[in-house]
There are 2 protein chains.
Amino acid sequence: MPTTQNCSHLSIKQLRQVCSSCNLSSLCLPVGLADEDLKRLDALITKRRVINKGETLFQIGDKFERLVAVRSGAFKTFVSDADGEQAIIGFHLPGELLGFDGITSGQYQVSAQAIETSSICEIPFNELLTFAAKMPSLQRQLLSIMSQKTMPDIAVRLNNSAEQRLASFLLGLSKRFKNCGYSESEFNLPMSREDIANYLGLAPETISRLLSHFQADGILEINRRHIVLHDFRRLQIIQCSDH
Amino acid sequence: MPTTQNCSHLSIKQLRQVCSSCNLSSLCLPVGLADEDLKRLDALITKRRVINKGETLFQIGDKFERLVAVRSGAFKTFVSDADGEQAIIGFHLPGELLGFDGITSGQYQVSAQAIETSSICEIPFNELLTFAAKMPSLQRQLLSIMSQKTMPDIAVRLNNSAEQRLASFLLGLSKRFKNCGYSESEFNLPMSREDIANYLGLAPETISRLLSHFQADGILEINRRHIVLHDFRRLQIIQCSDH
DNA sequence: TTGCTTTCCTGATCTAAATCAAAATACGGC
DNA sequence: GCCGTATTTTGATTTAGATCAGGAAAGCAA
């Protein structure tokens with residue numbers, strides 16, 4: 001039962017690029033779906049695209065029609081305040097979904113920009129809902145993903161010091177990289193110091209200084225964007241300790 | 001088709017207390033539901049309870065089985081850090097839903113406590129899902145509510161000054177009170193200065209001082225918990241203006 | 001290569017808000 | 001009513017992190 005123009009024309013070759021053969025198939029939507037459900041979901045994913053570094057995926061106010069799954073690369077989402085400065089809302093790594101904020105109003109509430117050259121899957125939302133109504137496991141999965149997004153990031157807890165925020169941020173990134181199959185202790189930061197600072201509500205200079213201190217203390221090694229985490233325990237202590 | 005023990009025994013009197021006759025019926029879940037759907041939803045709401053000020057509604061780790069709709073009063077949700085200090089995640093006013101954070105793991109991820117004597121409706125989640133699968137409008141409504149919760153509160157934007165945060169917080173409260181039928185310009189703060197400070201990542205003394213300044217500037221009048229907003233325009237300017 | 005731009009680092013000063021301290025006011029129990 | 005406790009206000013001091021400033025390293029185009 002094809003519900004889009006494309007579905008009925010998907011070749012075997014195209015199908016190989018969708019969920020059931022995706023190396024992130026344990027993430028995104030398919031988690032916990034039965035094989036037969038997964039195959040039906042595959043038919044929904046009409047388009048896979050590459051977005052170059054710096055390119056905009058969607059902007060505030062754009063019509064919301066689809067969710068986006070990150071296959072590789074990374075995105076940031078942000079709003080722009082009065083004087084054009086952007087306030088970064090979040091970063092999005094492989095296996096994660098973007099665009100949920102558009103559901104209520106039918107328009108995206110944030111802008112999304114690739115911070116690395118990235119590849120994505122687009123998922124038509126209305127058709128996804130139609131499927132979800134027939135697939136209890138998918139319905140629950142959708143709600144589950146959104147429920148996770150309602151929990152605030154402890155890295156941006158207001159009461160936390162700069163040290164605590166950065167430690168939380170690094171541990172969070174590490175966990176997410178591990179989650180999508182990369183090393184948890186060695187990776188490239190997809191974002192600039194300035195973007196980290198913006199996200200954490202700190203000055204870029206503060207990020208630089210703290211990274212230098214962490215390195216001097218042997219907690220991690222950092223060179224440009226390349227980071228190696230040595231002492232998780234110590235990061236966790238910093239994350240929790242007051243002031 | 002009663003799916004709970006109670007449904008089949010609901011008296012007319014009890015039914016008067018549920019959604020279709022609730023003075024908040026335009027909020028919570030029923031928004032946009034057709035009359036017949038609404039009647040079926042009513043059958044789900046098995047229990048209405050009163051929670052006294054200071055009482056705990058649920059705690060982190062409690063088994064998640066139901067969502068909670070606030071009918072009157074107010075709640076705070078929070079997590080407790082290492083040394084027992086609580087970090088307030090949010091406040092919940094009449095017409096708003098709590099508990100979504102429990103979906104993924106089946107356990108609440110925050111604790112919820114009444115900050116005023118409150119009355120609530122409890123909604124069994126699994127049965128709600130069963131209904132949602134049959135009611136596309138309810139399914140969408142659920143996702144829509146959750147999507148709104150994924151947008152961070154600008155009051156707690158890290159880059160914002162204390163003034164900006166408090167102005168945003170007051171405007172946000174005002175909007176929410178208006179939304180559930182109360183005055184937007186005159187209301188009682190349901191929470192203490194300390195709780196406001198905690199939520200906004202500031203010291204209670206800072207809240208006190210700022211409220212005094214706002215009052216001295218004629219922006220508002222405040223006496224204990226009772227507040228009258230006089231100059232919305234000026235609050236909006238403060239909310240936006242940098243530093 | 002050279003020059004230009006962007007990103008990042010490090011030090012010196014400054015400031016918004018925390019902390020410390022103490023008084024004033026409101027509230028709950030008896 | 002009264003007293004004891006908790007909350008709020010106001011002032012004085014301190015400090016974490018911002019801002020200002022200059023330089024070093026990396027990336028990129030011609």
Side-chain angles (χ1 to χ4, degrees), chain A residues 52-54 76 83 85-88 113 115-117 155-169 188-217 220-227 238 241-243, chain B residues 52-54 76 83 85-88 113 115-117 155-169 188-217 220-227 238 241-243:
Chain A
N52 289 316
K53 181 172 175 172
K76 65 176 170 187
D83 40 308
E85 290 297 300
Q86 57 182 219
I88 295 174
Q113 187 183 18
I115 52 178
E116 285 182 340
T117 297
V156 293
R157 266 302 304 170
L158 291 156
N159 299 14
N160 292 172
S161 68
E163 264 197 338
Q164 283 176 292
R165 289 185 206 175
L166 186 57
S168 291
F169 179 75
N188 285 300
L189 295 172
M191 69 292 285
S192 66
R193 306 281 191 272
E194 191 176 357
D195 279 352
I196 297 174
N198 184 312
Y199 179 66
L200 296 179
L202 301 168
E205 294 93 329
T206 304
I207 303 298
S208 249
R209 273 185 256 271
L210 285 177
L211 287 173
S212 298
H213 293 165
F214 285 169
Q215 180 161 242
D217 292 349
L220 50 78
E221 254 171 296
I222 188 156
N223 189 286
R224 201 74 181 161
R225 300 271 181 109
H226 184 254
I227 190 165
I238 292 170
S241 68
D242 273 312
H243 102 106
Chain B
N52 290 316
K53 181 172 175 172
K76 66 176 171 187
D83 39 308
E85 290 297 300
Q86 57 181 219
I88 296 175
Q113 186 183 18
I115 52 178
E116 287 182 340
T117 297
V156 294
R157 266 301 304 168
L158 292 155
N159 298 14
N160 293 172
S161 68
E163 265 197 338
Q164 283 176 291
R165 288 184 208 176
L166 185 57
S168 291
F169 179 76
N188 285 300
L189 295 173
M191 69 293 284
S192 66
R193 306 281 191 274
E194 191 175 358
D195 280 352
I196 297 175
N198 185 312
Y199 179 66
L200 296 179
L202 300 168
E205 294 95 328
T206 304
I207 304 298
S208 244
R209 274 185 256 271
L210 285 176
L211 287 173
S212 298
H213 294 165
F214 286 169
Q215 180 161 242
D217 292 350
L220 52 77
E221 253 171 296
I222 187 155
N223 188 285
R224 203 72 182 162
R225 300 272 182 108
H226 184 254
I227 191 165
I238 291 169
S241 68
D242 272 312
H243 104 105

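Below, chain A is the first sequence line, B the second, and so on; all start at residue 1. Computed from a prediction, not measured in an experiment: that's the story for all the values here.
For Arg225(A) and dT7(C), the shortest distance from a side-chain N or O to OP1 or OP2 is not below 4.0 Å.
Counting to the nearest Å, the P atom of dC20(C) and the CD atom of Glu205(B) are 10 Å from each other. Rounded to whole angstrom, the span from the NE2 atom of His226(A) across to the C1' atom of dA25(D) amounts to 18 Å. Here dC9(C) presents its P atom at 11 Å from CG of Leu166(A), a figure rounded to the nearest Å. If you measure from atom CD of Glu194(A) to atom C1' of dA26(D), you get 17 Å, rounded to the nearest angstrom. At whole-Å resolution of the value, CG in Leu158(A) and P in dA16(C) are 19 Å apart. Between Ile222(B) atom CD1 and dT8(D) atom C1' there is a gap of 11 Å when expressed in whole angstrom units. With rounding to whole Å, Asn198(A) atom CG is found 13 Å from dC8(C) atom P. Whole-Å rounding puts the Ile227(B) CD1 to dT8(D) C1' distance at 14 Å.
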Taking protein heavy atoms under 4.0 Å as touching, what does nucleotides 25-30 of chain C look like 5' to 3' if B marks base contact, S marks sugar-phosphate-only contact and - marks none? -S----
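You'll find the side chain of Arg193(B) reaches within 4.5 Å of the side chain of Leu211(B), heavy atoms only. Side-chain contact between Ile222(B) and Phe214(B) is absent, with no heavy atoms from C-beta onward closer than 4.5 Å. Taking the side chain as every heavy atom from C-beta outward, Arg165(B) and Leu158(A) approach each other to under 4.5 Å.
Counting any heavy atom pair closer than 4.0 Å across all strands shown, Ala203(A) reaches a base atom. Using a 4.0 Å heavy-atom cutoff across all strands shown, Ser208(A) reaches at least one base atom of the nucleic acid. At the heavy-atom level, Leu202(A) lies under 4.0 Å from the strands shown only through sugar-phosphate atoms.
Against DNA chain D, the stretch residues 209-216 of chain B makes heavy-atom approaches under 4.0 Å through Arg209(B), Ser212(B).
Nearest heavy atoms, Ala197(B) versus Pro204(B): CB-N, 3.4 Å.
End-to-end axis angle of the helix from dT10(C)-dA21(D) to dC30(C)-dG1(D), using five pairs per end and rounding to 10°, comes to 50°.
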